[in-house]
Protein chains: 2
Amino acid sequence: MIPQGEDDLLARSRALCDAMEDEDDWLKREVLSHAGNRWAFGVIHSLKEGGKLRHAEIRRRLGGVTQRMLTRTLRQLERDGLIHRQDHQEVPPHVEYELTRLGEEFLLKIIPMWLWIFEHAEDFRQARKEHSTAASE
Amino acid sequence: MIPQGEDDLLARSRALCDAMEDEDDWLKREVLSHAGNRWAFGVIHSLKEGGKLRHAEIRRRLGGVTQRMLTRTLRQLERDGLIHRQDHQEVPPHVEYELTRLGEEFLLKIIPMWLWIFEHAEDFRQARKEHSTAASE
DNA sequence: CAGGATCCAAGGGGATACTG
DNA sequence: CAGTATCCCCTTGGATCCTG
């Protein structure tokens, strides 16, 4: 798919690589790391589907995440502007999270890559298997 | 952009999230980590442009990477089948690396996200600035 | 030339307990 | 309910030195 514009994509990417000396390096690390983050994708996904959600509700949807890790993930995403945190200043605490426009766009950008990875799950498994057998020879 | 098929994307992603219980989690971690890896993207990019390259040549193109980190990155990419390592068994050592078909596809899949992030660099900077001012209030 | 060995600092991920 | 504090292990990124 998307055979058109391949050279163009590479050229633009190349230009960015050259331009990205030191100043923009934090951007890659900061933002792209979320894509590899253990819970970030699930959080964004949940918020996309559920709209405005509370901490406990997100935890329920994810399953397996600890309070601490969820809090850290939420803080990180908030800091980068992908989600919005709304504290209702109530007792007991009532805090709601929702995707920002930036967060929605981010989700739509990483889903294709995400899908591609899982579509090629067998290729990756195969590559690893071949590699381990080659190593044992 | 790409307003068409948004629901479809989400539905497919949702289905994958549900299906991905424990077994496929390594896949996400392993493969997606390359996207956030400090050097992986540059390595893949160099190989896409330069074809078959040696260790030292890749180092020259990247600039700033240590031997150790480059070796580790190459090993990781090789393990996941994104690049191929060809040891010519010579003295002095002569080892060449090149992209596999899987690696090329991977590059084309992550470039759009990559470009999007840099196109929105200002948004991220702004979000962070607002967040830090909000925190200090 | 390619990369292994060693040592280090920082961060990710997690378990458990506690708090306003 | 939402979150913090403390402890832990593991990985990442890196500097430096050494080797076939």
Side-chain angles (χ1 to χ4, degrees), chain A residues 20 22 25-43 46-47 50 52-80 83-98 131 135, chain B residues 22 25-43 46-47 50 52-80 83-98 135:
Chain A
M20 176 198 65
D22 299 312
D25 194 52
W26 70 266
L27 215 170
K28 173 195 175 184
R29 302 255 224 144
E30 278 290 327
V31 184
L32 256 189
S33 69
H34 298 326
N37 184 287
R38 178 73 177 82
W39 303 108
F41 184 80
V43 168
S46 297
L47 290 177
K52 215 177 263 188
L53 296 179
R54 303 178 65 171
H55 183 108
E57 175 60 22
I58 299 176
R59 263 196 89 186
R60 230 167 287 129
R61 289 176 180 242
L62 290 186
V65 63
T66 58
Q67 287 176 339
R68 179 179 170 277
M69 287 315 298
L70 180 54
T71 298
R72 271 182 33 171
T73 302
L74 289 168
R75 289 276 187 278
Q76 212 179 15
L77 292 173
E78 184 197 2
R79 222 184 40 184
D80 286 340
I83 67 175
H84 177 68
R85 179 179 186 273
Q86 184 176 10
D87 190 341
H88 290 259
Q89 303 285 359
E90 293 174 3
V91 179
H94 185 119
V95 181
E96 287 176 322
Y97 297 91
E98 63 180 331
H131 181 261
Chain B
D22 298 312
D25 194 52
W26 69 267
L27 214 171
K28 173 196 175 184
R29 303 256 224 143
E30 277 290 324
V31 184
L32 255 189
S33 70
H34 295 324
N37 182 286
R38 179 75 178 80
W39 303 107
F41 185 81
V43 168
S46 297
L47 290 177
K52 215 177 262 185
L53 296 178
R54 303 180 63 173
H55 183 108
E57 174 60 22
I58 299 176
R59 264 196 88 186
R60 230 167 287 129
R61 289 175 180 244
L62 291 185
V65 63
T66 58
Q67 289 176 338
R68 179 178 170 276
M69 288 316 298
L70 180 53
T71 297
R72 276 191 18 180
T73 301
L74 289 170
R75 288 277 186 279
Q76 208 181 17
L77 292 173
E78 185 198 1
R79 224 185 36 187
D80 286 341
I83 66 176
H84 176 67
R85 180 178 186 272
Q86 183 174 10
D87 189 340
H88 291 257
Q89 304 286 358
E90 294 173 6
V91 180
H94 185 119
V95 180
E96 288 177 322
Y97 298 90
E98 63 180 331

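A, B, ... follow the sequence lines: proteins, then strands. Residue 1 opens every chain. These numbers come from a predicted model, not from an experiment.
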Worksheet, complete the sentence: Contacts of B:Arg54 meeting salt bridge (Lys or Arg N to Asp or Glu O under 4.0 Å) (sequence neighbours excluded), chain-then-number -> none
Worksheet item: For A:Asp87 and D:dG3, what is the distance between atoms CG and P respectively, to the nearest whole Å?
Response: 7 Å
Worksheet item: Looking at A:Arg85, does any N or O in its side chain come under 4.0 Å of the phosphate oxygens OP1/OP2 on D:dG3?
Response: yes
Worksheet entry | Non-neighbouring partners of A:Arg60 that pass salt bridge (Lys or Arg N to Asp or Glu O under 4.0 Å), sequence neighbours left out | A:Glu57
Practice prompt. State whether B:Tyr97 places a side-chain N or O below 4.0 Å from either non-bridging phosphate oxygen (OP1 or OP2) of C:dG3.
Written response: yes
Worksheet entry | N or O in side chain of A:Asn37 less than 4.0 angstrom from C:dG13 OP1/OP2 | yes
Practice prompt. Kindly assign one of parallel, tilted or perpendicular to the pair A:His55 and A:Tyr97, based on the angle between their ring planes and the thresholds 30° and 60°.
Written response: tilted
Practice prompt. Measure from the side-chain N and O atoms of B:Arg59 to the backbone N and O of B:Val65, and report whether any donor-acceptor pair falls under 3.5 Å.
Written response: yes
Worksheet item: Which pair of non-hydrogen atoms, one from A:Asn37 and one from A:Gln76, has the smallest distance, and what is that distance?
Response: ND2-OE1, 3.4 Å
Discussion item. Let me check the geometry of the helix from C:dC1-D:dG20 to C:dG20-D:dC1. What is the bend angle between the axes at its two ends, five pairs each, to 10°?
Written reply: 40°
Response to the item:
The salt bridge (Lys or Arg N to Asp or Glu O under 4.0 Å) partners of A:Glu96 (sequence neighbours excluded) come to none
Between the protein and nucleotides 14-20 of chain D, which nitrogen or oxygen pairs come in under 3.5 angstrom?
from   : atom 1 : to      : atom 2 : distance (Å)
D:dG14 : OP2    : B:Trp39 : NE1    : 2.7
D:dG14 : N7     : B:Arg68 : NH1    : 2.1
D:dG14 : O6     : B:Arg68 : NE     : 3.0
D:dG14 : O6     : B:Arg68 : NH1    : 3.0
D:dG14 : O6     : B:Arg68 : NH2    : 2.6
D:dA15 : N6     : B:Arg68 : NE     : 3.3

Item to complete: Figure out the CD/C1' separation between B:Gln86 and C:dC1, and round it to whole Å.
Response: 16 Å
Practice prompt. Determine: side-chain N/O of A:His94 to OP1/OP2 of D:dA2, distance under 4.0 Å, yes or no.
Written response: no
Worksheet item: For C:dG12, does OP1 or OP2 lie under 4.0 Å from any side-chain N or O of A:Gln76?
Response: yes
Fill in: Counterpart residues, salt bridge (Lys or Arg N to Asp or Glu O under 4.0 Å), relative to A:Arg79 (two or more places apart)
A:Glu30
